[in-house]
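These notes are about the structure you will find just below.
Note on naming: letters A, B, ... go to the chains in the order of the sequence lines (proteins, then strands), and numbering restarts at 1 for each one. Predicted model, so just to flag it, every value in this text is computed and none were measured.
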Amino acid sequence: MSRNYRDTLHLPKDEQTIPMRANLPEQEPRWQAFWREIDLYGKMLAKPAPNGDFILHDGPPYSNGDIHIGHALNKTLKDIVVRSYCMRGYRTPYVPGWDNHGMPIENAVSKEFLARGEKPDKATLRRACREYAQRFVDIQREQFERLGLVGEWERPYLTMDYAFEAGIVRVFGELVARGYIYRGLRPTLWCPTCQTALADAEVEYEPKVSDSIYVAFPVVKPPSDAPATDNLQILIWTTTPWTIPANLALAVHPDLEYAYVRANGAVYLLAQPLVAPTMEAVGVRDYTVLGTTTGAQLEGAIARHPIFERESPVVLADYVSAEDGTGVVHTAPGHGAEDFATGKKYGLPVLCPVDAAGVFTDEAGEFRGLPITPDGNRAVIERLRSVGALLHYEPYHHNYPHCWRCDTPLIFRATVQWFMSIDHAGHRARALEAIRGVRWIPAEGEARITAMVQNRPDWTLSRQRAWGVGIPAFYCEACGEAILQSDLIERVAGIIEREGSDVWFTHPADYFLPDGFACPHCGATRFRKETDVLDVWFDSGSTHRLVLETRPHLRWPADLYLEGSDQHRGWFNSSLMIAIGTRDAAPYRTVLTHGFVLDGEGRKMSKSEGNVVSPLEVIQKMGADVLRLWVASCEYFEDVRLSDEILKYVADAYRQIRNTLRFMIGNLADFDLARDAVPYAQLNELDRWMLARLQEYLRYALHAYESFEYHRFYHETRRFCNVELSAFYLDVIKDRLYAEARESAARRGAQTVLYELASALTRLLAPIIPHTAEEVWQRLPAPDKPVSVHLADFPAVREEYRNAALLERWERILEVREAVNRAVEAAKNEKRIPNPLSAHVLVHAPEPLYGVLGAYPTPTAPDNLLARVFGVSQAEVAPADGALQVEVRPAPGQKCARCWLVLPTVDAETELCARCRAVIGA
RNA sequence: GGGCGCGUAGCUCAGUCGGUUAGAGCGCACCCCUGAUAAGGGUGAGGUCAUUGGUUCGAAUCCAAUCGCGCCCA
């Protein structure tokens, strides 16, 4: 039984380092409390910022429901940006915001009223919406803070704040003043029972039996290549006969092939691929195809409306398909979104002879007064039959949009809406030019938003809703004209700023108008207010004006917008429209987008699939730092994946990084940087190698941060910790740390390097795992360190530590180390030695390798660097002619009872090697 | 159906201008250690680069089609 020298070693003690088990769910809130206590965010802003401001403008999440994994990805990325820019010497204010108005909250609140059998007026409903929104702002704020996000949580921006609502009205007023805003007809999904417009999200598709008809339109101006006939007719098919009175055009696809078909004594024109099915459907057996043409050839031909004395020109449209019908689409711009767009392109009017209740108006002529279904349908069909235009009728089963409240089949009906013109004053072209001046990351984003801005129609700003900012327009009760004036809008804004936008719904028009105001059109003095509210995309599209320009520590434009790639159509787009319309420039300099979070198989997460990962659960079970490390591990420019399996691997990575830091901190317990640091020139070669390696790692890591490629940082850090530190450097220096004299240069030198490593790693990891980094930072033995790691700067690359020649030489040594490992492993397997520390290694090294290895000290010296690097007790190098060869044999001598090296200098009396005898003075 | 993208070991990621046998870390298997111990070390096995076709002396890389997946539209 050997004597116990354990107490004479400088082993790390548990209580002098961070615990191995992180217990993040419990510890993280304590660090968050610490940050609040020291006002971390305030201190971050107060810290010197040699690189100036960096403004990340937060896109507002909707204040409804708990946060989901998409929020976690987005906000964590933002937090990494904010914290890392701060540590890179920027001043980084971050004002989080929420989007409060809109349909989902209004609907949720309406349901609550409905459940209680109440029918609230608009003011009551709006008050309940405001409370509801505030409740979820508070809930989400707490959840975001639990994620560890740093920012201005005490003073976020809310789109329902009075000042914000007033600001929205003023931005709208600016667009009015610049001539962007107009009123016009546009088809919207309409419920004739509820007599209201519906949003797409309120539509439910259900099976329905419709009246489908084939109708012939007589041609009055035939296409140039038409066969000679005095009875050419164009065939259409529709499932909504009641829209025939509103027909203004016939649409064909330019690239589709069309056929002239002789049958029934007439010549019919329809899509060639649909000739056979159509003839069969209408019961025609004998027919002849006289010739074919293309859709493009048909443009300019003119048909006559089968009922009314009116022309119906042939127009081209890409959405026409040869899937069903006749390949010719009956086009009624007042009754369909596509029809409307085509009508606009060809300058057709928007005819909508149907009122709010779904009854034909005077414009429907003989059909006036009939409800469109079923009477209107029937009357139209009968009329078509009587004029000989009806080729066939049959019931048709399909899925059709229904009202989610009352289950009534919906109709498309043109209604008067407010618009922002996208082509006013060269707006679209200026927007496209501004896009070119923005940096889009990844670069594909530019093509995406460019296509969307190129193709987007005018912006429909009005919504027939309650929970939003009222459109500040008045109508003259006498002449009915709409009154939209900048001065009146400013008056309204001023009142809203004081009283909130509810006031628009609780007070009469007089309240907002100056005394004696008279209608500019007719001079009358009685007015009513517009009841529509603004699209919520207008709210969020205004945030750059109402947040960046109103808070003194912010600035317009923002340096960065960072959102999911769906916002190319959403927020990036609406913000750009308003910025170009009011400030003539883009509101952002850089736009960074991330993908969506999918499950482990790359599929969309959905409740019904049961593959949803809740960030709240992950935080509760594993901690926010693990979730954040997952975010950093992802190449997020594309879609990212998340599953329990993936989280398990990330948690493993977290533990490995944590343990590496734990070991370093533990071995720095008796180290004081000011007192004990060893000057670079006195460090041994391995230590200098480590510092050189650290600089290379730093270069890579800092570059990864600069390019927002956190996953590259993550991977390199993992590799650095596992391969270069744990498996090599830290393992090799254990002998020095534990066994050399406490104050020796050998031990203090290793600690000096440990300090550099721990300090650099902790700071670099801080933006990603802020709680863990803080935990380590508080243990780091540095004099005059900032109170929080988040107030420190990123480590800089120290050029004086870089050393290419040294790295190159050690590249060779590490190759030999691998050969030694293989030889030792073989010896172990052959039972020639029990373990590496009982081995003596003889390396037969050919030139030029021998020139490198031969320069190191003698085989059995306690400071035999090669033996330590190889992880054996003794190592020798001999010149060789052939290939590199490694001989392994049991090391001669005895095992030192203190340092466990097998050395010939161990004496029987003390069981200690010469080095250990000297160290403990035995 | 259209626009924009993605697809490289079990997982997460590299892979430059087309050029050796496609790399890394983790995980996995086996072994060692018990002085980082709910840790640490060593060795090793894993890939038809989604599929098919093409261009080329040569393709993970360029082109086309197909399949699968995602976002935005219809």
Side-chain angles (χ1 to χ4, degrees), chain A residues 5-7 9-14 17-21 200 318-323 337-338 341 442-452 454-456 564-570 573 593-605 629-630 632-635 637-643 645-653 655-656 658-667 709 711-712 714-723 725-728 730-732 734-735 737-739 817-818 820-829 833-838 871 898-900:
Chain A
Y5 291 99
R6 197 174 194 277
D7 293 344
L9 293 169
H10 317 297
L11 297 175
K13 295 187 178 67
D14 277 356
T17 184
I18 61 172
M20 183 176 291
R21 293 196 27 93
D200 291 342
D318 287 337
Y319 54 82
V320 176
S321 85
E323 296 300 306
E338 291 174 325
E444 295 78 50
E446 180 170 348
R448 194 161 172 180
I449 192 163
T450 295
M452 283 168 181
Q454 261 163 358
N455 299 323
R456 72 161 294 163
S565 56
D566 56 334
Q567 299 303 331
H568 287 110
R569 166 163 289 269
N573 198 315
T593 55
H594 57 78
F596 278 67
V597 184
L598 309 175
D599 74 6
E601 267 72 53
R603 282 170 207 281
K604 192 200 309 226
M605 288 186 178
L629 192 59
W630 164 74
S633 79
C634 295
E635 203 276 82
F637 305 114
E638 294 298 334
D639 292 343
V640 299
R641 295 180 179 200
L642 183 59
S643 63
E645 185 199 16
I646 290 170
L647 273 174
K648 187 171 86 69
Y649 292 136
V650 174
D652 283 346
R655 273 187 226 106
Q656 287 160 350
R658 182 180 178 87
N659 269 320
T660 304
L661 290 166
R662 173 182 140 91
F663 177 84
M664 293 194 283
I665 294 298
N667 283 100
E709 294 172 298
H711 67 287
R712 285 183 185 265
Y714 165 86
H715 279 283
E716 183 60 11
T717 298
R718 258 191 112 171
R719 197 200 57 77
F720 188 67
C721 284
N722 287 329
V723 179
L725 298 186
S726 262
F728 180 57
L730 301 186
D731 210 38
V732 170
K734 278 177 195 167
D735 177 76
L737 290 172
Y738 298 166
R817 179 173 182 263
E818 287 182 28
V820 169
N821 279 342
R822 279 191 293 271
V824 168
E825 182 77 5
K828 216 171 66 183
N829 290 337
I833 54 163
N835 57 58
L837 267 193
S838 47
R898 182 168 176 273
C899 72
W900 291 352

*From B/G27, B/C32, B/G25, pick the nucleotide closest to the side chain of A/Pro836?*
B/C32
*Answer yes or no: is there a side-chain heavy-atom contact under 4.5 Å between A/Ser565 and A/Phe637?*
no
_It should be established whether A/Gln656 places a side-chain nitrogen or oxygen under 4.0 Å from OP1 or OP2 of nucleotide B/G41._
no
*In whole Å, what is the span from the CG atom of A/Asp731 to the P atom of B/C32?*
17 Å
*Span that lies between the C1' atom of B/G27 and that of B/G10, in whole angstrom*: 7 Å
_Quick check: any donor-acceptor pair below 3.5 Å linking the side-chain of A/Thr17 to the base of B/A36?_
no
*Establish, with yes or no, whether the OP1 or OP2 oxygen of B/G10 is under 4.0 angstrom from a side-chain nitrogen or oxygen of A/Tyr649.*
no
*What heavy-atom pair brings A/Pro836 and A/Gly871 nearest, and what distance separates the two atoms?*
CB-O, 3.5 Å
*B/C6, B/G25, B/A36: which one has an atom nearest the side-chain heavy atoms of A/Glu638?*
B/C6
_Whole-Å gap separating P (B/C11) and CG (A/Leu629)_ = 19 Å
*Is a donor on one side and an acceptor on the other found under 3.5 Å between the side chain of A/Asp599 and the backbone of A/Met605?*
no
*asked:* Could you tell me how far B/G25 sits from B/C63 if I compare only their P atoms? Round to whole Å.
replied: 32 Å
*Which part of the nucleic acid does A/Met452 contact within heavy-atom distance under 4.0 Å: base, sugar-phosphate only, or nothing?*
sugar-phosphate
*Does the side-chain ring of A/Tyr319 sit on the six-membered ring of the B/G1 base, less than 5.5 Å centre to centre and under 30° in tilt?*
no
*Would one find a side-chain N or O of A/His711 under 4.0 angstrom from OP1 or OP2 of B/A14?*
yes
*Quickly work out the A/Leu9 CG to B/U34 C1' distance and round it to whole Å.*
14 Å
*Which residue, A/Cys899 or A/Glu444, contacts RNA chain B at a nucleotide closer to its 5' end, judged by nearest heavy atom?*
A/Glu444
*What's the CD-P distance between A/Glu601 and B/C11, to the nearest Å?*
9 Å
*asked:* Using atom C1' in both nucleotides, what's the gap between B/A24 and B/U56 to the nearest angstrom?
replied: 30 Å
*asked:* Under 4.0 Å, heavy atoms only, any strand: does A/Gly602 hit a base, just the sugar-phosphate, or nothing?
replied: sugar-phosphate
*Between A/Glu645 and A/Lys648, is there a salt bridge with N-O shorter than 4.0 Å?*
no
*Give A/Glu338 one of three labels, base, sugar-phosphate or nothing, depending on what nucleic acid heavy atoms sit under 4.0 Å from its own.*
sugar-phosphate
*asked:* Measure CG/A/Asp566 against P/B/C72 and give the value in whole Å, please.
replied: 5 Å
*Using both distances under 3.5 Å as the test, list the Watson-Crick or G-U wobble partner of B/U34, or none.*
none
*Look at all strands and tell whether A/Pro834 reaches a base, only sugar-phosphate, or nothing, counting heavy atoms closer than 4.0 Å.*
sugar-phosphate
*Any donor-acceptor pair under 3.5 Å linking the side chain of A/Thr17 with the backbone of A/Ile665?*
no
*Does B/U43 have a Watson-Crick or wobble mate here (both distances under 3.5 Å), and if so which one?*
B/A29
*In Watson-Crick or G-U wobble terms, both distances under 3.5 Å, what is the partner of B/C67?*
B/G7
*Note: A/Asp566-A/Arg569 ion pair, threshold 4.0 Å (strictly below)*: no
*Atom pair distance, as rounded to whole Å: CZ in A/Arg569 and C1' in B/A74*: 10 Å
*B/G5 and B/A65: how far apart are their P atoms, nearest whole angstrom?*
14 Å
*Flag, side chain of A/Arg641 to backbone of A/Leu598, donor-acceptor distance under 3.5 Å*: no
_Under 4.0 Å, heavy atoms only, any strand: does A/Val723 hit a base, just the sugar-phosphate, or nothing?_
sugar-phosphate
*Considering only the P atoms, how many Å lie between B/C69 and B/A38, rounded to the nearest integer?*
45 Å
*OP1, OP2 of B/U37 versus side-chain N and O of A/Arg662: anything below 4.0 Å?*
yes
_What contact category does A/Ser633 fall into here, base, sugar-phosphate, or nothing, at under 4.0 angstrom with non-hydrogen atoms?_
sugar-phosphate
*Under a 90° cut-off about 0 for the syn range, is B/G5 syn or anti?*
anti
*Classify the nucleic acid contact of A/Arg448 as base, sugar-phosphate or nothing, counting any heavy atom under 4.0 Å across all strands shown.*
base
*State whether the side chain of A/Trp630 and the backbone N or O of A/Ala651 hold a donor-acceptor pair below 3.5 Å, judged by distance alone.*
no
*May I ask you to say what A/Lys828 touches in the nucleic acid, namely base, sugar-phosphate or nothing, with a heavy-atom cut-off under 4.0 Å?*
base
*Okay, side chain of A/Arg658, backbone of A/Pro19: is any donor-acceptor separation there less than 3.5 Å?*
yes
_Under 3.5 Å on both distances, the Watson-Crick or G-U partner of B/C62_ = B/G54
*Can you tell me how far C1' in B/U34 sits from the matching atom in B/G70, rounded to whole Å?*
49 Å
_My understanding is that a pair needs two contacts under 3.5 Å, Watson-Crick or G-U wobble. By that rule, which nucleotide pairs with B/U16?_
none
*Take A/Glu645 and A/Arg898, find for each the nucleotide of RNA chain B with the closest heavy atom, and name the residue whose nucleotide sits nearer the 5' end.*
A/Glu645
*Salt-bridged, A/Glu825 to A/Arg822, with N to O below 4.0 Å?*
no
_C1'-based separation of B/A60 from B/G18 [nearest Å]_ = 10 Å
*Base, sugar-phosphate, or nothing for A/Ala727, non-hydrogen atoms under 4.0 angstrom?*
sugar-phosphate
_Closest nucleotide among B/U43, B/G35, B/G70 to the A/Arg822 side chain_ = B/U43
*Below 4.0 Å: OP1/OP2 of B/A38 and any side-chain N or O of A/Arg21*: no
*Give a yes/no on whether any side-chain N or O of A/Asn821 is located under 4.0 angstrom from OP1 or OP2 of B/U43.*
yes
*B/G1: pairing nucleotide in any strand, Watson-Crick or G-U under 3.5 angstrom*: B/C73
*Indicate whether OP1 or OP2 belonging to B/A36 is found under 4.0 Å from a side-chain N or O atom of A/Lys13.*
no
_Phosphate contact (B/C33 OP1 or OP2) by A/Asn835 side-chain N/O below 4.0 Å_ = yes
_Nearest-Å distance once atom C1' is located in both B/A39 and B/C32_ = 15 Å
*Atom CG of A/Asn829 to atom C1' of B/C30: distance rounded to whole Å?*
9 Å
*Determine: side-chain N/O of A/Arg712 to OP1/OP2 of B/G15, distance under 4.0 Å, yes or no.*
yes
*Counting just side-chain N and O atoms, does A/Lys734 come under 4.0 Å of either OP1 or OP2 of B/A36?*
yes
*asked:* In whole Å, I'd like the distance from the CD1 atom of A/Ile665 to the P atom of B/A36.
replied: 17 Å
_Partner nucleotide, any strand, of B/U21 [Watson-Crick/G-U, under 3.5 Å]_ = none
*Could you tell me whether A/Ile646 contacts a base, only the sugar-phosphate backbone, or nothing, with contacts defined as non-hydrogen atoms closer than 4.0 Å?*
sugar-phosphate
*With heavy atoms under 4.0 Å as the rule, sort A/Trp900 into base, sugar-phosphate or nothing.*
base
